[in-house]
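See structure below.
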Amino acid sequence: MSEERSLNFLEEIIEQDIREGKNQGRILTRFPPEPNGFLHIGHAKSICLNFGLAAQYNGKTNLRFDDTNPLTEDTRYVESIKEDISWLGFKWDKELYSSDYFEQLYQFALILIRKDKAYVDESTSEAIAVAKGTLTEPGVPTPGRLRSVAENLLLFNEMKQGKYADGEMVLRAKIDLASPNMQMRDPLMYRIRHARHHRTANKWFIYPMYDFTHGQSDSLENITHSVCTLEFVTHRDLYNWFIKELDIFPSQQYEFARLNVNYTVMSKRKLLQLVNEGFVSGWDDPRMPTISGLRRRGYTPASIRNFCEKIGIAKRENIIEYSLLEFCIREDLNKTAWRRMAVLDPIKMVITNYPADVSEDMVGENNPEADGGEGYRNLPFCKDLWIERDDFMEEPSKKFFRLGVGLMVRLKHAYIVKCDSFLKDKNNKITEVHCTYIPESRSGSDTSGINVKGTIHWVSALHAKIAEIRLYDHLFQIEDLSGEEADFKEYINPESLTSLSNAFIEPDLGNAINGKSYQFIRKGYFTLDSDSLPGNLIFNRTVTLKDASSKGNKKI
RNA sequence: UGCCCGAUAGUAUAAUGGUAGUACAACUGUUUUUGGUGCAGUUUGUCUAGGUUCGAAUCCUGGUCGGGCAACCA
């Protein structure tokens, strides 16, 4: 209990609120996604924050879909969002929709019109933009600003009844056209959209804007702490203005810096382009930074939650290194993933002094990190094996601990072998490595007294199963995509996906379970892809193992 | 050019006027039948100029740099 964990700025605010008895100490947060795309790792940060704060201080969190734009939103996205939040391990209190408040919001608008705090404006969108002025010059009124309350009421009601076409008029708040905060220069409250909404169907012809929806939705739900990202800082004045003018529960908005991760993009708009234009196979492509993509890639909920914990919460712009995400998944999987052997890029090894018609079973523990190893599996061994192509070097360097003519290695869970010769085809490509094994060196009963520096993995050529293995690299070639707007796609990494269709896996992996992760010894963590079928196994590489071997070689 | 945020090792994040710490990354050693894991260690930092103070990363002022705001998107 003496452990001192420092508080982030939101925890400090909340603890102060509790100390001061604000809202009787009640804490209610919300996670407010717009159902117009899939959730990504940046949303995970927000989810962990909102649900985490509530859990920490005895509060609750609502899931509220911010669905005020019928043109982009879809129930399909609602379903994926719910699945992703649940998968991450969070439970919302209430499932709500901004569209549930459309009638209430309409009533709020009427109140503001009657107070002469809102007016119908039939200016074009361009004219309104011009009249708002610029960052350095104040705005000027449009003709609609002078309209009487009675006429505003009439026109707004006609807007609601569908009497006008899209874009013909809007409802605006009457605040201050000279405000240094552009958001306060008579912002739009309602626009006309003759469009079908995913929940209210064709009931409405007018739809409220974000600013006229979000704060009041928070207020209606009695949200105490409405946490959003930094780009909404300038909206806070407006958020408070509507609440004050309507005299409703004063929810408060706080802003934190959104998550960025290097070598990827974190904008639904850009991710949607990658999907629509076929750069990836879908929202859940394992290269995508989406929750569903990470899940398919083999990331676990715990690893993502841990990542969100480690990155911290603050108000400055940040780009987190991808390697931190990789650390988090390795940390989790190292403790839990069962070890298996798979040869991704095979060459044949022939053990010349091993009888041709014999095989014997070796045993390998499932998990060396767990007490008792979590059991064992059999590894059939015979004269012909598959080993990794790069575990053999024709002219090995001094620091190469693996195979070359005259060198010895341990075959993991089996014998020590000595390399005698190798064969090449006419293209000068190595096809076979010939070795002799040391019978007394059998794993577990080694009396040979020989110590070897290297251990390599292998599978029996007679018993191995074949599989496709998909290797992934960064989606983009540059770290920071923030400066690249229109042309971000030019930086897509053409080698972000490598598919190996001729890999050999140990027999037990034929029983690989969907959703379970395996460590392919010395190669990384892998999981079955959702494209996989019983007779056509496909594994995704989640992440490689940390590899210090390249350093040793570089030095020579 | 107006308003608003922000600035601590390569990347993040603490230190709330009193020893600049932690994680990742990098590097070294050690253990190891995974060049994995574990363990031990090393390197690297307060944007700048003034001011207040016994004492400033912290408070004040000016500057510099980065970001946001002028969608009928959220």
Side-chain angles (χ1 to χ4, degrees), chain A residues 4-8 12 32-34 36 66-69 71-73 121 124-125 128-130 132-139 166-172 179-185 188-193 207 209-211 213-214 228-237 255 257 262 268-269 310-328 330-331 334-335 339 341 364 368-369 399-402 409-414 416 441 443-444 446 451-457 479 482 519-524 544-553:
Chain A
E4 260 182 56
R5 199 178 81 70
S6 54
L7 304 177
N8 65 48
E12 283 183 1
E34 183 188 13
N36 67 347
D66 223 336
D67 54 349
T68 59
N69 184 356
L71 267 25
T72 56
E73 294 152 8
D121 194 338
T124 64
S125 147
I128 290 176
V130 170
K132 276 189 182 179
T134 66
L135 296 176
T136 51
E137 300 158 63
D166 290 9
E168 213 172 321
M169 50 184 68
V170 294
L171 184 72
R172 288 226 260 166
S179 172
N181 180 353
M182 295 297 293
Q183 306 301 329
M184 299 298 273
R185 321 248 266 226
L188 273 62
M189 293 163 58
Y190 270 93
R191 79 285 220 189
I192 299 170
R193 282 244 206 288
Y207 290 93
M209 303 288 292
Y210 165 85
D211 285 304
T213 306
H214 203 92
C228 63
T229 45
L230 249 29
E231 66 268 28
F232 292 100
V233 168
T234 51
H235 294 244
R236 192 172 57 230
D237 287 347
E255 311 86 10
N262 63 8
K268 275 197 271 186
R269 206 190 76 252
K310 283 186 193 303
I311 58 179
I313 300 295
K315 296 183 77 161
R316 73 166 135 157
E317 299 285 330
N318 60 81
I319 303 181
I320 305 289
E321 292 179 343
Y322 197 88
S323 59
L324 183 62
L325 238 190
E326 295 189 321
F327 168 82
C328 290
R330 284 193 192 109
E331 184 186 41
N334 175 52
K335 290 179 296 195
R339 271 56 170 176
M341 292 204 279
E369 295 297 311
K399 291 242 177 167
F400 187 72
F401 305 152
R402 290 162 270 168
V409 291
R410 159 78 60 183
L411 295 173
K412 180 79 178 172
H413 298 311
I416 292 173
S441 67
S443 201
D446 185 348
N451 253 326
V452 293
K453 195 129 195 213
T455 300
I456 65 171
H457 60 281
E479 282 192 43
S482 63
Q519 185 195 103
F520 291 0
I521 288 175
R522 301 207 306 133
K523 284 281 131 188
T544 61
L545 257 31
K546 244 180 118 175
D547 181 15
S549 68
S550 55
K551 293 166 204 156
N553 285 330

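Each chain gets a letter, A, B and so on, in the order the sequences are listed, and its residues count up from 1. These numbers come from the heavy atoms of this one structure, side chains and all, not from hydrogens, waters or symmetry mates.
- A 3.5 Å limit on both hydrogen-bonding distances identifies no Watson-Crick or G-U partner for B:C73.
- Nucleotide B:A14 forms no Watson-Crick or G-U wobble pair with any nucleotide shown, as no partner meets the under 3.5 Å limit on both distances.
- Closest non-hydrogen pair, A:Lys268 versus A:Glu34, comes out as NZ-O, 3.0 Å.
- For the pair A:Arg185 (side chain) and A:Ser179 (backbone), a donor-acceptor distance under 3.5 Å is present.
- Pair assignment for B:A7 gives B:U64, based on Watson-Crick or G-U wobble hydrogen-bonding distances that are each under 3.5 Å.
- A:Asp446 places a side-chain heavy atom less than 4.5 Å from the side chain of A:Ile416.
- Between A:Lys315 and A:Thr72, the residue anchored closer to the 5' end of RNA chain B is A:Lys315, taking for each the nucleotide with the nearest heavy atom.
- Screening A:His457, A:Met341, A:Lys412 for a side chain to side chain contact (heavy atoms under 4.5 Å, CB included) involving A:Arg522 leaves a single residue, A:His457.
- Distance A:Lys523 NZ to B:G35 C1': 11 Å, rounded to the nearest Å.
- Residue-to-nucleotide contacts include a donor-acceptor pair under 3.5 Å from the side chain of A:Ser443 to the base of B:U33.
- Counting distance only, with no hydrogens placed and no angle test, the side-chain atoms of A:Arg402 and the base atoms of B:G35 include a donor-acceptor pair under 3.5 Å.
- Nucleotide B:G29 forms a Watson-Crick or G-U wobble pair with B:C39, both donor-acceptor distances falling under 3.5 Å.
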Taking only nitrogen or oxygen atoms into account, show me every contact under 3.5 Å that the protein makes with nucleotides 66-69 of chain B, one pair per line with its distance.
unit_1	atom_1	unit_2	atom_2	d
B:G67	O2'	A:Glu317	OE2	3.1
B:C69	O3'	A:Gln183	NE2	3.2
B:C69	O2'	A:Gln183	NE2	2.7

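- Within the nucleic acid shown, A:Val170 comes within 4.0 Å of at least one base atom, counting heavy atoms only.
- The main-chain N or O of A:Gly364 is never found under 3.5 Å from a side-chain atom of A:Arg339 such that the two would form a donor-acceptor pair.
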What are the atom names and distances for every N/O pair under 3.5 Å that joins the protein to nucleotides 57-59 of chain B?
none

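- Below the 3.5 angstrom threshold, one finds no donor paired with an acceptor across the side chain of A:Gln519 and the base of B:G36.
- When both distances must be under 3.5 Å, the Watson-Crick or G-U wobble mate of B:A20 does not exist.
- For A:Arg410 against B:U33, a side-chain N or O and a base N or O form a donor-acceptor pair under 3.5 Å.
- In this pair, A:Tyr210 and A:Phe232 present their aromatic rings tilted. The plane angle is within the 30 to 60° band.
- In terms of modelled atom types and a separation under 3.5 Å, the side chain of A:Asn262 and the main chain of A:Ile319 share no donor-acceptor contact.
- Of the residues near RNA chain B, A:Ile192 and A:Leu545, the one whose nearest nucleotide (by heavy atom distance) lies more toward the 5' end is A:Leu545.
- Taking the C1' atom of each, B:U44 and B:G50 are spaced 29 Å apart, rounded to whole Å.
- If you check B:U46 for Watson-Crick or wobble pairing at under 3.5 angstrom, you find it has no partner at all.
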What N/O pairs connect the protein and nucleotides 45-48 of chain B at under 3.5 Å? Give each pair on its own line.
none

